Each structure stands twice: as structure tokens, then as C-alpha cells.
Amino acid sequence: MKATAIANANIALIKYWGKRDENLFLPQNSNISLTTDCLSVKTTVEFSSRNKKDILILNNRNYPPSSKEYKRYLKPFLDKIRKLAGTKRKIKIVSQSNFPKGAGLASSAAGFAALTAAINEALGLGLNEREMSILARQGSGSACRSIYGGFVEWRRGKKDDGSDSFALQIAPADYWPDIRMVICLTSRKEKKVSSREGMAQTVKTCPFYPCWLKTIDKDIKIAKRAIKNRDISLLGKISEENCLKMHALMITTKPPIIYWNEKTIAFIHKIRELRERGLKCYFTIDAGPQVKILCEKKDLKELIKEIKRMSGIKNVIITRPGPGVEISKSHLF
Ligand code: PMV
């Protein structure tokens, strides 16, 4: 009843921002992401009658049952799984990531994808990828995409029970081997407003939310065409536009949610300037201050040179399209 899984973070190109069902984590709009190859989370789980209570250890830190992380994020997910599996056994979870959590780097996506796959294996639930995607979605929406590698679409679905709201692979990791996503850390601080709280507030109070929804189908169509044709200019342009639209929603939420810091804004200007000079690079930003830059291998050297000249950058990580969730034989405990 012990198993380990490894999942990679995914970065949305067409964003998910807003739920139509808070309990089942059903999105208001379909969305598209790229699974990375090196922002990863490894998780070992064990269900045992020896465990008196659930134990959660993330990056060597213990989160007791009274912690917000356990109560708000983990417990509702575990309750669903225990019901599904018909077990009352408590779980021990040890999880290790190679990047900061809660800073807008999709740590919860990789975390819940790894957790879902590890539990599936440990309890012998026999879920296939689609079923795992549906389950992971209920831990953190974007986690349903990290079940798959490469380019992934999370279909909104129409049904009230969420059975048609899951991720699908658009193209595998090796379809576009020359694409790169450069992750630039502008801060290591944990964000003040979680994506879960932020998006709920946007749906409730942002006057532009209905306009956003009207534009999504077109954005998805363009992004899919760009991926199919390996067209970096088209994919970059639509990703940037869609990201700015999402941040416009955040900023016009009541009270406003502003995830950017001054370095995030400096990056936006820098990337636009580099583009004017002919470099094909495009930014995207999630619920945090970190900047992710899409480009192709041939432009990477020049781009990195320019980024390194900027002040206050904490870290730069170069990622490629990566694989979906995998089971590992080497356990963390
Ligand atoms: O699934 P969550 O609660 O981590 O929300 C993800 C929200 C964004 O990262 C901003 C967009 C996305 O599609 O990943």
C-alpha cells in the first residue's frame, strides 16, 4: 500500500481562471498548457492502519491536521478518495519538489498529479489516465493537465457531474523538440492570494468576466493551430494576449488582485523590446510574479544573455516539453 509518483508542473498558454462548480473543480472555460521537463514533484504515499492520523510532509516540513494546507487543500481531496476506494485508512504523504511552492510555478498542479498517481498505485484503484485526470482535477484544477506530457487541453465539459471535464494530450513532448519555456523567478515569496481564492473572487465581482469567456473558444482554436504548425510567433502572440486578458480580470476584481511586482513589469517591457529587435520571445505569467518566456532553441542564447543583464532575477530555469506523470520504484521513506 505504498507507492511513489513523479509529475511535472505545467504552464498554461490559454489560462484557466474561474470555476463553474467549486466542489467538483469544474472550469468556466477550456484551457491549454505545456508540461515542462524539469519542474518536478516526487511524492511517496502509504496507507496504513498504523497511521493514527494523516501525515503530510512537503519539502521536509510537517503540515499538521490543523494547518491550512491540510484542512483546506488536502483533506477534502482525501475524503473523496477514501469514499471512492472504500477505505478508512490514514495516509502518510512525503513530497519533495525542486522549486518553490505557492509562488506561481504550478506547484499544486504537479503536486496533486503526483499524489493522484501515487494513490492510484498504492490502493490499486486501476484508474486510467483520463480517470486520473478527473480525480487530480478535484485536488487542484490545473493538476488534471499534469497527468499528460507535452501540449495538453483541459476540456471544460458540459455535464454537471464533471465526468466530461478532463485533460487530453494535443501533442506529445517530442512533437516540437525545439520549443523552450524559460522560467524567470522574480521572487521566492509565497503569494498572498491563492489562485483558488483569487479566481472565485473574480467570477463573483469582475465586471469583465463574461467578456473573457466570450473570447476563449477563438483563443483555443488559434493556439491549437499554432501548436499543430509549430508556429512560435502565433503561439507566443496568442499566449501573451490571453495572459494579459487574465491579468486584466485579476486587476479589475474587487478587491483587486495584483500578482506582478516591479521586476515582472520590467520583464514585460524587456520582452516587447527584444521582439522589436527581431527576437522571437513571448511572455506568460500565472497567479504570481514569475515570468515564463516562450521561444525556440535557436534564440535561447541571445535571450538568456539579455535576461542575465537584468537586475534582481533570482533564478532562471530552461525547460522543454516534458513527460506526464510516472510511477517510480524509489520511495522517499
Ligand atoms: O489549478 P490552480 O488552482 O492552481 O489554478 C491555476 C491558475 C493559473 O495558473 C493562473 C492558470 C492555469 O491555467 O494554470
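Remember, it's 1-based here, ligands and their atoms both numbered in the order they're listed. All figures in this text were calculated on a predicted structure; none of them were measured in a lab.
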In terms of side-chain geometry, is the basic nitrogen of [X] or [Y] positioned less than 4.0 Å from the acidic oxygen of its partner?
{"X": "R320", "Y": "D178", "value": "no"}
{"X": "E241", "Y": "K245", "value": "no"}
{"X": "K75", "Y": "D79", "value": "yes"}
{"X": "E273", "Y": "R277", "value": "yes"}

With hydrogens left out, which residues have an atom under 4.0 Å from ligand 1, given that only heavy atoms count? A12, K15, Y16, W17, S108, S140, G141, S142, R145, S195, M199, M246, D286, A287
With respect to E197, which candidate in R72, K204, K191 satisfies the salt bridge (charged side-chain N to carboxylate O under 4.0 Å, His left out) definition? R72
Between Y259 and H247, what is the ring plane arrangement, given parallel below 30°, perpendicular above 60°, and tilted in between? perpendicular
